[in-house]
Amino acid sequence: GGGGGGGGKKDKHAQQHAALATLYGYRCEALYELGAYDASVRDARDALECERSSRSDGSGASDRPYSSSGRNPSGGGTSLHPERGAVLRAKVSYLLGLSLLRGGNVKGVEDAFEASYDVAEKALEDASDIRESGNKPSITHKRAVDVLKDTIQGATEGKSTLQEYDVLKTKLDTGSFKKDFIDVLDRALEIAPASMEWQIAKVRHLIGRRRWFVVANHCEQVAAKRVQLEGIFTGDLADLDPFPGIPPVKELDPDFFAENSKDDTPLHLRMLSPKATRDAAFRMPKEIMPYYLRALRLEERYSGAVLVGTALVEFDTMAKAAGNDYFAENERYTREWERLDNTIKMKEEGDLLFRDAYYDRAVALYGECLDIDKGSADFDGSSNSILRQSSSWPVARSHANDAGGKLHAVLHSNRAACFASMGRYEDAVKESSHAIEIHSMYTKAILRRARCHAKLGQDEKAKADFNRYVMLVEGARDHPYPPPNQGSACYFDMPSNVSEEQLDKVKSEMNELGIKPIETRNNRSTMRSPIAGQPKKSWLNKLWCCKNNAASQVVTSPSYRRPEYDRAMPEGGSDQQPPVQPKRKVSFKSSRQARPPGAIPPPQSVSPPDPPSKKVAPTIIKSRPAFDHPIDASSVVVDPTMDYYAALGLTSSASDSEIKQAYHKGAKENHPDRNNTKEAQARFLEMKLAYNVLGDTEKKREYDKANTPKIDP
């Protein structure tokens, strides 16, 4: 009787372990689908351990328990079951390998796939033994066979994916290339989306390319995917919660960045609302959160940045009261918060000075705001004082702000407006050029520079900028959505924002100056949206940061019957216009008393205005297609975010002769006289722009030097 009781206990334990293995297997699969890969790994290992225990505790167990003469320790007879035994072991081993790989941990992945393949293959051999014995397989048995076949196929593909990932990881670790770095990195993240190493690498790469809009977009996509993990880390999974104690989600929609969402804006151009950014900040890895805060500030998303910063400070205060230091590992949170405070104060103070016609002081404050992202003594070796005398800034900057972003492009443009208002058009041209260097499709800066060139009598440069403006706007009619990881680093005041009425006014202005507007082959009556089935629309009008009316984005010179040009309001502000004072504990009020209405502005402490321009002589331009017009060298801006070598089908090691040969060959094949398709026209223009940079020794040297990504320390 004692021996029989012991055998009964073993069978009972075996059944309990088999049931636990099934439950762990179910939850492992669910966690994997949700993206909780660490929890999925642990459940997979627990399931395999319980399944092993069920075989060791059961009587008659063997390595191949489902042969025609064997016995299922779970009581399933000689047939296979899709949720127990070898089938479960094969499937869970496969899920273990996938979960490890998705988390970026390659250790143990190959062994898991090999074990899954071997178990499934042996189980299928046992299934063939059942058919040969003449027994009719049940529906459950057939379903188990299908699961085994799918597992074998998945394990085979998994091993292939692992090999690809090893190659990608070697490329990324060695850093021996840079041409297709972002493509390799994106593929590595597609395979291992939970790898913190690659998430940080992508954010830093984008920062090195000064693509702050994309930095924020990437961080927000990561956070949105984690919303679906809300509430699952309870019970025995509580110790795996990556964000313990964070406030519950209120505004962030996990499907905001889904392909099938109601928003037809491309994923790489979507932007969360200010309230949703607060939810997102708590659900992204702490390692990339400081970069996200900086991206919000540099893209002038002040409302969201203030909400995020305030929420983080409040949460940290509560965490410290409970004995936890949420920001103990990273001091950059505090530094970013201080920079946000100083940026908003200086920007608003500068805007107020501009409105009151204190142009020289506004230039000084805009310059100080530019220096927030630099060292304490970048230009004159002065102390750490936030504000310096306005006389420190009598002229335009010698170079654009290295940090990039919408904020700095707008600050340079605002300084250009100040200089133009003071009649100092040469300085206005320099500051406009800095703004264009940051945002190569900044239509307002391009137009302002063209008008300043005209004021200075620089006819050819004015013509080049005016025609560049027209060509960009006309091109945006067919392609309003810029492709991801290409084109300008900023996405505000784009050519697609310019209305037909605005464009016609600029063309009329060009005619008054004797400049014949560029003509294109585009037939506007037959233009369609590049996205099938969607009406043509201005894509940036859908973004919160660009809700300005298009009519407010074009200014004209006073000599062209628009005296308000020299008194144009400065740009920028919060996410919505007009700027709204953020509700914060710190004060953003101006430190200077506003000038009473009707008071006379004080004299400007600036140098005399530039001499008046000579009269612009009419220029006769032969009517030609847009792509036949030569590109003036002065209008070509070296954009390090563009892959000029790839445009010519070359690598960065190509010689000058190879560059020239590739350009002439491609231009011959895609010239509008030979190929009149829109794709060929776009290809021809792309090659032409690339050759204007790579064919010029100085521009090529500048591009090669700037094309090395800068890593933010």
Side-chain angles (χ1 to χ4, degrees), residues 31-32 34-42 99-106 169 172 182 185-186 188-208 211-233 237-249 252 254 256-257 267 271-272 276-298 301 304-305 307-309 311-313 315-316 319 324-337 711-713:
L31 290 170
Y32 172 81
L34 289 172
Y37 301 116
D38 289 342
S40 178
V41 167
R42 192 166 77 176
S99 299
L100 288 170
L101 185 57
R102 293 291 183 260
N105 183 8
V106 297
K169 191 174 187 301
L172 293 171
I182 192 65
L185 190 55
D186 283 342
L189 278 171
E190 184 179 344
I191 296 174
S195 171
M196 189 52 54
E197 179 184 5
W198 305 139
Q199 293 289 357
I200 296 175
K202 180 167 184 177
V203 169
R204 288 186 172 180
H205 175 77
L206 293 171
I207 291 173
R211 306 186 73 88
W212 290 103
F213 184 96
V214 187
V215 170
N217 175 273
H218 176 73
C219 293
E220 289 170 354
Q221 289 198 45
V222 171
K225 291 177 181 177
R226 297 198 173 201
V227 174
Q228 57 189 350
L229 302 181
E230 203 81 6
I232 70 170
F233 294 103
L237 296 179
D239 60 312
L240 295 178
D241 190 351
F243 308 109
I246 63 174
V249 65
L252 181 57
F256 182 80
F257 293 100
L267 300 185
M271 184 172 59
L272 295 176
T277 60
R278 178 178 52 192
D279 291 337
F282 284 104
R283 284 154 184 85
M284 63 182 65
K286 288 195 293 184
E287 292 84 351
I288 65 176
M289 194 190 300
Y291 299 118
Y292 178 60
L293 292 175
R294 190 180 186 192
L296 291 177
R297 178 174 60 86
L298 294 184
R301 296 171 59 181
L307 286 175
V308 169
L312 290 176
V313 170
F315 180 76
D316 185 50
N324 300 321
D325 193 350
Y326 193 72
F327 299 126
E329 300 176 359
N330 205 328
E331 297 179 355
R332 299 192 62 186
Y333 297 99
T334 303
R335 185 163 65 251
E336 290 301 332
W337 177 251
I711 304 302
D712 189 52

Seminar exercise, completed: Applying salt bridge (charged side-chain N to carboxylate O under 4.0 Å, His left out) to Lys225 and not counting sequence neighbours gives none
Exercise. Which atom pair, heavy atoms only, marks the closest approach of Phe315 to Ile246?
Worked result: CE1-CA, 3.8 Å
Exercise. Nearest 0.5 Å, what's the CZ-CE distance between Arg283 and Met289?
Worked result: 10.5 Å
Exercise. Does atom CG of Asp38 have more than 12 heavy-atom neighbours, drawn from other residues, nucleotides or ligands, at distances under 6.0 Å?
Worked result: no
Exercise. Atom NZ in Lys286, atom CE in Met196: separation rounded to 0.5 Å?
Worked result: 11.0 Å
Problem set entry | Heavy-atom closest pair, residues Ala36 and Phe233 | CB-CZ, 4.0 Å
Problem set entry | Where Ser99 and Ser40 come nearest, the two heavy atoms and their spacing | OG-OG, 2.8 Å
Problem set entry | Atom pair CD1/NZ of Ile191 and Lys169 - distance to nearest 0.5 Å | 12.5 Å
Exercise. Any side-chain heavy-atom pair from Leu293 and Leu312 closer than 4.5 angstrom?
Worked result: yes
Exercise. Does Arg278 reach the main-chain N or O of Gly304 with its side chain, forming a donor-acceptor pair under 3.5 Å?
Worked result: no
Problem set entry | 4.5 Å side-chain heavy-atom contact, Pro242 and Arg226 | yes
Seminar exercise, completed: Taken to the nearest 0.5 Å, the spacing of Phe257 CZ from Met271 CE works out to 10.0 Å
Exercise. Taking the side chain as C-beta and beyond, is there a heavy-atom pair between Leu31 and Arg42 under 4.5 Å?
Worked result: no
Seminar exercise, completed: Heavy-atom nearest pair, Pro285 first then Val222, reads CD-CG1, 3.9 Å
For this session: Supply the atom-to-atom distance Gln199 CD to His218 NE2, rounded to the nearest 0.5 angstrom.
Result: 4.0 Å
Exercise. Below 4.5 Å, heavy atoms only, C-beta onward: do Glu220 and Tyr292 meet side chain to side chain?
Worked result: yes
For this session: Give, for atom NZ of Lys202 and atom CD1 of Ile182, the distance between the pair rounded to the nearest 0.5 Å.
Result: 5.0 Å
Seminar exercise, completed: Closest non-hydrogen contact found for Leu272 with Phe256 is CD2-CD2, 3.5 Å
Exercise. Tyr37: what forms a ring-ring contact (aromatic ring centres under 6.0 Å, His included) with it, not counting sequence neighbours?
Worked result: Tyr32
For this session: Could you tell me which non-hydrogen atom of Tyr291 sits nearest to which non-hydrogen atom of Val215, and how far apart they are?
Result: O-CG1, 4.1 Å
